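Presented below is the structure to which this report refers.
Throughout, protein chains are lettered first and strands after them, A, B, ... in sequence-line order, and every chain is numbered starting at 1. Just so it is clear, the structure is predicted and the values come from calculations on it, not from any experiment.
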There are 4 protein chains.
Amino acid sequence: MDAPRPAPLPVFDKLAPLKQGRVLEESLAEFAEHGYHQASVNRIVARLGIAKGSLFQYFGNKEGLFRHLFARALEEIKAPLKAIRDADAGEPFPLRLRRVFVEGAAFARAHPRIWRIYRRMAAQEDFPLREALLSQLRGEALTYFRELVEGGQARGEIRADLDPRTAAFLIEAALDRALSAQDSPLLDAGHGLSSADQPLRAARLAALADTLSRGFCPPALQNADTTQAGDSHA
Amino acid sequence: MDAPRPAPLPVFDKLAPLKQGRVLEESLAEFAEHGYHQASVNRIVARLGIAKGSLFQYFGNKEGLFRHLFARALEEIKAPLKAIRDADAGEPFPLRLRRVFVEGAAFARAHPRIWRIYRRMAAQEDFPLREALLSQLRGEALTYFRELVEGGQARGEIRADLDPRTAAFLIEAALDRALSAQDSPLLDAGHGLSSADQPLRAARLAALADTLSRGFCPPALQNADTTQAGDSHA
Amino acid sequence: MDAPRPAPLPVFDKLAPLKQGRVLEESLAEFAEHGYHQASVNRIVARLGIAKGSLFQYFGNKEGLFRHLFARALEEIKAPLKAIRDADAGEPFPLRLRRVFVEGAAFARAHPRIWRIYRRMAAQEDFPLREALLSQLRGEALTYFRELVEGGQARGEIRADLDPRTAAFLIEAALDRALSAQDSPLLDAGHGLSSADQPLRAARLAALADTLSRGFCPPALQNADTTQAGDSHA
Amino acid sequence: MDAPRPAPLPVFDKLAPLKQGRVLEESLAEFAEHGYHQASVNRIVARLGIAKGSLFQYFGNKEGLFRHLFARALEEIKAPLKAIRDADAGEPFPLRLRRVFVEGAAFARAHPRIWRIYRRMAAQEDFPLREALLSQLRGEALTYFRELVEGGQARGEIRADLDPRTAAFLIEAALDRALSAQDSPLLDAGHGLSSADQPLRAARLAALADTLSRGFCPPALQNADTTQAGDSHA
DNA sequence: CATGAATGAGTATTCATTCAT
DNA sequence: CATGAATGAATACTCATTCAT
């Protein structure tokens, strides 16, 4: 379960990139729809129309498939995430936080299957890679949020006595829930994040970010409202 | 044989309460450890040292066991949760929010298996009862938080232009993550909530609540700090 | 399977006759509906609202129940069957054969559950008692039919060169199928025996008997038609 | 996974014909010996010495196996049955009826397991395919018999006032019982059809056919005995 | 290197039978 | 003597994994 197999998978890499793509696509879909244990190798090869043995030749076993899959997915994700991260270095904190929510939501919408797998992994103890990936991903996110906060403090936009880790924790919690609510009306519970109405969603995301921001700002800045509108919504 | 089996399970109720307790304990543990699908009836009866048939005589089938389990758990939970809810009606909002976090955390610590099952249900699409329970539980929580906020607004402790739903959403997100972080260092990521140090945990919880509160308060009240200490921690 | 247990069942006999009756009724129904193996002791006790252990105390086991059941059923049946047998000793053969069909059909209609069990027993190799009961019942029937035929021969109503066993075989085959067709449209296949129209059924039964009779009669009697009408039917 | 699985079973068809044969043989035997519900997939794979999963890979499930089995059996049967049907179109009715009995009996002897399964299906209400197959098979048989009779009527060999359906019903009943009697002394009850003595069996079959024929013929033909011998037997 | 038939330990579930109360 | 909880071998069925072709 936590055995070796960091194998470089020479077999799969030699495949036609087109086929590689299809394999990864369908596998990703299966894991997103059913989670790790409930995902069925039989179903994957059926979707793909390839031999069952091939998948095992490519990846050794189910876990190998998942590891490879997720590793590849992470690579594809890194660039856009880094882009979000670096794009707005100079702007004031509340705007940056808004952007984090809005772009984070856009990202989750753009990669719904990866997002779903990530959510399942976070809640399910027996996912392979859970430990490694969770600590890495979350670590990066928290570090980023902390730096965001610390930057704000350096510029006096955030009160100095706020522990950046506390702020980062809240940001991450709110963002995670907001993104989850997006594709599950049950989790959204009427808040509007799972609505099909894009402007409404944007407004709700902004409201969340702004309300958090307010909690972080020094009293002096409280009136200087960075948010033009209030956040009442239909 | 072809009924939907909402039956009142007369068999199990007649068992010696001691045995009932053991059965519920071990089953709860199995579901908490493995989730619904991965939980094994075989393993449960092995843990219990009883015959396979017995469990089916008690609950009809796996889903019946789970439903019974969860129904019982909910009943046991209701009272303490209501107690938290009603205890502090007269106090100022920030104190009430703190209490929500502290008591919520105490509750999750006291019922770690129920909490785990709940988290799995929220993330896993194919849990039985998921829809019903999630909408009920979350609905109640959000309603409570909203009323908390609206009460604060009525007393001028919270700015009037804050949408109570936004506030409730943030509270719920933060609380949920805080409670999850408690029993999983991975989710905690060094924040201190999964630490064995109870005062530290309490301080961290308070810090989360206070930082949220601050975001909700009107500017006038920002200085009247309800939290004596800052929230820096080792 | 062919073990002892001819036991006199002292326990069951001491029960209140009313309860005895219910037990036999419901058991008979279960075996008629599901056959021997598919019949469920669980279901029987559920129908009866008695303890599972009781049934085993009464009859030892499932097979014991069935044996007792069937024995009792046979006893109840004997009298009416004998009545049919003896009622018409003086009449001409064709009339007697008609009566056999009509009264046989009436009997099967009056005791549908016993008839069904009998049919299942005849086709299913692993019914308990199959051997004993089948050879007894069929033996009696064939003997009766043979005597019927021999009586007819003695009176010159049936040609002398007809082997009575052949005739008896045909009668039994036709009767058995006619009775079976009565409660199964599939077996009837549009012939009218499973119809709700009683006169039609009677006509069809008579037609069957008469056509057989004709095959048995000596040429001289062929014109003296005992059947007023032909047998065309809607 | 949720389809009704009318699937063409690509797996089994690719097996070595020798193995295919063994699988079908043993399965057929199991169903013939025990009927549908009492037949055990475990037992079948044990007989075959193959893994349990294999059978399910071939046929999907127990019912799929049975359906395939029966479909194959029907195909193998069709040709010889049609041969019987068409062989003797020009001959007089009594000879044709004899041939039906003799060849029918030969057929049942050649395919005893199929015959047994058929009998069980007819008596057991909950066989898969029962309705479809019974109505089809019996329909075809009755139609054939009716045409046989109508042909006889057209040529004046059978009296015009005989309802062909009545005649067909009797033929089918007698034939069915005769075939059943062949492999069960119990059903035969000393008539000679289950005897090992082939000429005796043939004589008894002929006697049954002839006696029926006689019942169908017009008076004028009664003396013109198509059967050289009477039908007395040892 | 692709194939896909073979595997068998695993799953949930049933049910006649026993026996302590 | 009635009770009904306990039993466990039986059932049909699944699925990741292997390996001969």
Self-check item: Selected nucleotide, minimal atom distance to D/V41 side chain, candidates F/dA12, F/dT7, F/dA2
Solution: F/dA12
Quiz prompt | Nucleotide opposite E/dC1 in a Watson-Crick or G-U pair, distances under 3.5 Å | solution = none
Quiz prompt | Row check, C/F56 ring normal vs C/K62 NZ/CZ: under 6.0 Å, within 45° | solution = no
Quiz item: Between C/K52 and F/dG4, is there a side-chain N or O to OP1/OP2 distance below 4.0 Å?
Solution: no
Quiz item: When C/E25 is tested against each of C/Q20, C/E30, C/R113 for side chain to side chain contact (heavy atoms under 4.5 Å, CB included), which residue passes?
Solution: C/R113
Practice problem: With the side chain of B/N61 defined as its heavy atoms from C-beta on, choose the nearest nucleotide among E/dT7, F/dA5, E/dT13. | Solution: E/dT13
Quiz item: Which word best sums up how the rings of B/H68 and B/F12 line up, parallel for under 30°, tilted for 30 to 60°, or perpendicular for over 60°?
Solution: perpendicular
Quiz item: Between D/L55 (CG) and F/dT11 (P), how many Å, whole number?
Solution: 14 Å
Practice problem: Ignoring backbone atoms, test whether B/S54 places a side-chain nitrogen or oxygen under 4.0 Å from the OP1 or OP2 oxygen of F/dA5. | Solution: no
Exercise. Could you tell me whether the phosphate oxygens of E/dT11, OP1 or OP2, come under 4.0 Å of any side-chain nitrogen or oxygen in B/S40?
Key: yes
Quiz item: Can you tell me the Watson-Crick or wobble partner of E/dT13, both distances under 3.5 angstrom?
Solution: F/dA10
Quiz item: Does A/Y58 put a side-chain nitrogen or oxygen below 4.0 Å from OP1 or OP2 of E/dC1?
Solution: no
Self-check item: Phosphate OP1/OP2 of E/dC1 contacted by A/Q57 side-chain N/O (<4.0 Å)
Solution: no
Self-check item: Who pairs with F/dC15 - Watson-Crick or G-U, where each distance is under 3.5 Å
Solution: E/dG8
